[in-house]
Amino acid sequence: MWIGTFGQGIAILNRNLKLTRNINILNGFCSNAIYHLLKDSKNRMWVATREGLAVFKSSDDMKYKVFNEKDGMADSYTCALAEGKPGELWASTNSGISHLNVQTGKFENFNFLDGLPIGNFMPGAVTTTMDGII
């Protein structure tokens with residue numbers, strides 16, 4: 001079980017609810033402010049943080065990559081995540097919505113000029129309907 005916290009990073013518990021690992025800035029992670037966690041259909045763990053979008057290759061593999069503005073995201077302050085079609089990840093940020101093509105690592109960004117409301121998104125605020133609409 002992965003638990004994201006607002007100031008202490010990520011706590012990982014085993015099946016017996018014993019703490020097995022902490023992931024935070026003290027051990028090199030990008031942020032202690034975790035806003036959303038998403039396990040995708042390929043068993044990757046995506047983490048929305050104040051300092052970017054992190055992805056762990058699997059929920060068992062502690063190797064990760066962090067995406068931010070340098071990689072093409074609208075904003076590093078990542079609020080919520082949703083998996084779209086296979087190979088797509090959607091992230092709300094403080095500057096709009098970023099759409100990631102997971103295979104290419106390329107982002108497409110949307111903001112108020114594309115019809116989104118002006119303002120910030122709320123951390124963790126996302127839903128996906130049964131027919132796949134985010």
Colleague: Is there a path of hydrophobic side-chain contacts, each under 4.5 Å between heavy atoms of I, L, V, M, F, W or Y residues, that connects Leu26 with Phe29?
Modeller: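 No, because Leu26 and Phe29 fall into different hydrophobic clusters, even though each may have its own neighbours under 4.5 Å.
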Colleague: Quick one: do Leu100 and Asp71 satisfy side chain to side chain contact (heavy atoms under 4.5 Å, CB included)? Show the steps, please.
Modeller: CA-CA 10 Å; Leu100 173 64; Asp71 301 296; over 6 Å; no
Colleague: Taking Thr93's backbone N and O only, do any of them form a donor-acceptor pair with Ser95's side chain (distance below 3.5 Å, no angle check)?
Modeller: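 Not confirmed, Ser95 side chain does not pair with Thr93 backbone.
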Colleague: Under 3.5 Å, is there a donor on one side chain and an acceptor on the other for Glu51 and Ser76?
Modeller: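 Distance-only check fails for Glu51 and Ser76.
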Colleague: Without swapping roles, check the side chain of Glu69 against the backbone of Ala74 for a donor-acceptor pair under 3.5 Å.
Modeller: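 The answer is no, because no donor-acceptor pair under 3.5 Å joins these two groups.
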Colleague: Which hydrophobic side chains are connected to Tyr77, either touching it within the sub-4.5 Å cutoff or through other members that do?
Modeller: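 Hydrophobic cluster check, Tyr77: joined to Phe6, Tyr35.
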Colleague: Is the gap between the ring centers of Trp46 and Tyr64 under 6.0 Å?
Modeller: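 No, the ring centres sit 6.0 Å or more apart.
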Colleague: To the nearest 0.5 Å, what is the distance between NZ (Lys65) and CZ (Arg44)?
Modeller: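 Here the rounded value is 13.5 Å.
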Colleague: In sequence, state the C-alpha distance, the side-chain angles, and the governing distance for Met1 and Leu17, and then conclude on side chain to side chain contact (heavy atoms under 4.5 Å, CB included).
Modeller: CA-CA 8 Å; Met1 179 185 304; Leu17 302 180; 3.9 Å; yes
Colleague: Under 3.5 Å, side chain of Asn27 to main-chain N/O of Asn22, donor-acceptor pair present?
Modeller: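 Side chain of Asn27 to backbone of Asn22, a donor-acceptor pair under 3.5 Å: yes, one is there.
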Colleague: Do the side chains of Phe56 and Val102 join up, straight or via other hydrophobic residues, at under 4.5 Å, putting them in one cluster?
Modeller: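 Shared cluster, no.
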Colleague: Could you measure the distance from the CD atom of Gln103 to the CG atom of Asn101? Nearest 0.5 Å is fine.
Modeller: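 These two atoms lie 5.5 Å from each other.
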Colleague: Can you name the nearest heavy-atom pair linking Ala82 to Leu38, along with the distance?
Modeller: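 In this case the closest contact between Ala82 and Leu38 is C-CD2, 3.9 Å.
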Colleague: For a side chain to side chain contact (heavy atoms under 4.5 Å, CB included) check, start with the C-alpha distance between Leu81 and Val126, then their side-chain angles and the critical distance, and finish with the verdict.
Modeller: CA-CA 7 Å; Leu81 307 169; Val126 65; over 6 Å; no
Colleague: Is there a donor-acceptor contact under 3.5 Å from the side chain of Asn109 to the main chain of Gly72?
Modeller: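 Answer holds: yes.
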Colleague: Do Ile97 and Leu116 have side-chain heavy atoms sitting under 4.5 Å apart?
Modeller: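 Side-chain contact under 4.5 Å: yes.
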Colleague: Gln8 side chain to Thr5 main-chain N or O, any donor-acceptor pair under 3.5 Å?
Modeller: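 A pair under 3.5 Å: no.
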Colleague: Quick check against the 3.5 Å criterion: does Glu108 have a side-chain atom that pairs as donor or acceptor with the backbone of His99?
Modeller: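 Checking the backbone N and O of His99 against the side chain of Glu108, no donor-acceptor pair under 3.5 Å is found.
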Colleague: Identify the heavy atoms of Ile134 and Glu83 that sit nearest to each other, and give their distance.
Modeller: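 Heavy atoms of Ile134 and Glu83 come nearest at CD1-O, 4.0 Å.
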Colleague: Calculate, to the nearest 0.5 Å, the distance between atoms OG and CD1 belonging to Ser31 and Ile25 respectively.
Modeller: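 Interatomic distance, Ser31 OG to Ile25 CD1, rounded to 0.5 Å: 7.5 Å.
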Colleague: Examine distances only and state if a side-chain atom of Thr20 and a backbone atom of Ile12 form a donor-acceptor pair shorter than 3.5 Å.
Modeller: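 Yes; judged by distance alone, with no hydrogens or angles, the pair exists.
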Colleague: Can any side-chain N or O of Ser92 pair as donor or acceptor with the backbone N or O of Ala80 at less than 3.5 Å?
Modeller: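 Checking the backbone N and O of Ala80 against the side chain of Ser92, a donor-acceptor pair under 3.5 Å is found.
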Colleague: Hey, what do you get for CG (Asn68) to OG1 (Thr78), rounding to the nearest 0.5 Å?
Modeller: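 If we round to the nearest 0.5 Å, Asn68:CG and Thr78:OG1 are 8.5 Å apart.
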Colleague: Side-chain heavy atoms nearer than 4.5 Å, only ILVMFWY residues, links allowed to pass through others: does that put Met45 and Val55 together?
Modeller: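 No, it is not one cluster - the side chains of Met45 and Val55 are not joined through contacts under 4.5 Å.
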Colleague: According to a 4.5 Å side-chain heavy-atom criterion applied to Ile, Leu, Val, Met, Phe, Trp and Tyr, with indirect links allowed, do Val66 and Ile34 form part of one hydrophobic cluster?
Modeller: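 Linked within one cluster.
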Colleague: So, do Ile133 and Thr128 sit near enough that their side-chain heavy atoms are less than 4.5 Å apart?
Modeller: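 Of all side-chain heavy-atom pairs linking Thr128 with Ile133, none is under 4.5 Å.
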Colleague: Using side-chain heavy atoms (C-beta onward) and a distance below 4.5 Å, is Ile3 in contact with Leu13?
Modeller: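 Result yes, sub-4.5 Å side-chain heavy-atom pair found.
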Colleague: Using side chain to side chain contact (heavy atoms under 4.5 Å, CB included), reason through Met62 and Ile23 one step at a time and then give a plain yes or no.
Modeller: CA-CA 9 Å; Met62 293 297 105; Ile23 302 170; 3.8 Å; yes
Colleague: Okay, side chain of Asn16, backbone of Lys18: is any donor-acceptor separation there less than 3.5 Å?
Modeller: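 The answer is no, because no donor-acceptor pair under 3.5 Å joins these two groups.
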